[in-house]
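Report on the structure given below.
Chain A is the first sequence line, chain B the second, and so forth, proteins listed ahead of strands; every chain is numbered from 1. Below, each value reflects all heavy atoms present in this structure, side chains not excepted, and no hydrogens, waters or symmetry copies.
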Amino acid sequence: MIFRNKVLDIVKKIPKGKILTYKKVSELAGFPRAWRAVGNVLSKNRNLKIPCHRVIKSNGKIGGFNLGIKKKIALLMREGVKIENKRVIFQDV
DNA sequence: GACCTGACTCAAC
DNA sequence: AGTTGAGCCAGGT
């Protein structure tokens with residue numbers, strides 16, 4: 001299981017209404033310092049099977065998504081995620 | 001195989 | 001509070 005696969009797998013495992021940051025994903029992947037690679041892998045792979053819209057930046061802002069950040073926000077809200085002024089209110093539970 | 005890039009993050013200014 | 005710089009990792013070219 002390579003880093004890229006782990007990242008994709010973790011992101012795929014993100015439950016509905018749950019939000020993870022790139023850093024969190026990297027930690028879960030086993031590479032707490034590979035956050036750059038996380039976003040990079042997602043972008044290079046941009047696998048639509050992966051809810052990349054559930055992956056946001058540490059500051060809560062949506063990163064850069066191919067489909068459009070606004071759409072991600074709307075989608076996240078529809079999934080039960082709270083959004084406030086382009087900010088994802090993700091509780092680190 | 002080396003260099004560059006990127007959907008990032010932290011810290012300082 | 002916003003912007004800039006430096007740091008880090010893997011993937012892609």
> Distance check: side-chain N/O of Ser43(A) vs OP1/OP2 of dG6(B), anything under 4.0 Å?
Replying inline: no
>> Starting the side chain at C-beta, find the nucleotide from dA10(C), dA7(B), dC10(B) nearest to Phe65(A).
In response: dA7(B)
> Counting side-chain heavy atoms from CB outward, which of dA7(B), dT9(B), dA10(C) is closest to Asn40(A)?
Replying inline: dA10(C)
>> Using whole Å, what does the distance between atom P of nucleotide dA7(B) and atom NZ of Lys72(A) come to?
In response: 12 Å
> Is Leu76(A) close to Ile62(A) at the side-chain level, that is, under 4.5 Å between some pair of heavy atoms?
Replying inline: yes
> Rounded to whole angstrom units, what separation is found between the CZ atom of Phe3(A) and the C1' atom of dC8(C)?
Replying inline: 11 Å
> Taking atom C1' of dG11(C) as reference, at what distance in whole Å does atom CG of Asn5(A) sit?
Replying inline: 13 Å
> How long is the line joining NZ of Lys6(A) and C1' of dC9(C), in whole Å?
Replying inline: 14 Å
> How long is the line joining CG of Asn59(A) and C1' of dT3(C), in whole Å?
Replying inline: 14 Å
> If only side-chain N and O atoms of Lys57(A) are considered, is one of them under 4.0 Å from the OP1 or OP2 phosphate oxygen of dC8(B)?
Replying inline: yes
> With respect to Ile50(A), which candidate in Val41(A), Val55(A), Ile14(A), Val11(A) satisfies the side chain to side chain contact (heavy atoms under 4.5 Å, CB included) definition?
Replying inline: Val11(A)
> For the pair made of CG in Leu20(A) and P in dC8(B), what is the distance, rounded to whole Å?
Replying inline: 16 Å
> Considering residues at least two apart in sequence or located in another chain, which fulfil the side chain to side chain contact (heavy atoms under 4.5 Å, CB included) criterion with Ser43(A)?
Replying inline: Asn40(A)
> What heavy-atom pair brings Trp35(A) and Ser26(A) nearest, and what distance separates the two atoms?
Replying inline: N-CB, 3.6 Å
>> Need to verify one output field. Residue with the more 5' nearest nucleotide on DNA chain B, Lys23(A) or Lys44(A)?
In response: Lys44(A)
> Between residues 27-38 of chain A and DNA chain C, which residues have a heavy-atom gap below 4.0 Å?
Replying inline: Phe31(A), Arg33(A), Ala34(A), Trp35(A), Arg36(A), Ala37(A)
> Rounded to whole angstrom units, what separation is found between the NZ atom of Lys61(A) and the C1' atom of dA1(C)?
Replying inline: 11 Å
> Touch check for Tyr22(A), heavy atoms < 4.0 angstrom, all strands: base, sugar-phosphate only, or nothing?
Replying inline: base
> Would Leu75(A) end up clustered with Ile56(A) when hydrophobic side chains under 4.5 Å apart are linked, directly or stepwise?
Replying inline: no
> Does Asn47(A) reach the main-chain N or O of Lys49(A) with its side chain, forming a donor-acceptor pair under 3.5 Å?
Replying inline: yes
>> I need the minimum non-hydrogen distance between His53(A) and Glu79(A), along with the two atoms involved.
In response: NE2-OE2, 3.7 Å
> Given atom CG of Leu8(A) and atom P of dG11(C), what is their separation to the nearest angstrom?
Replying inline: 10 Å
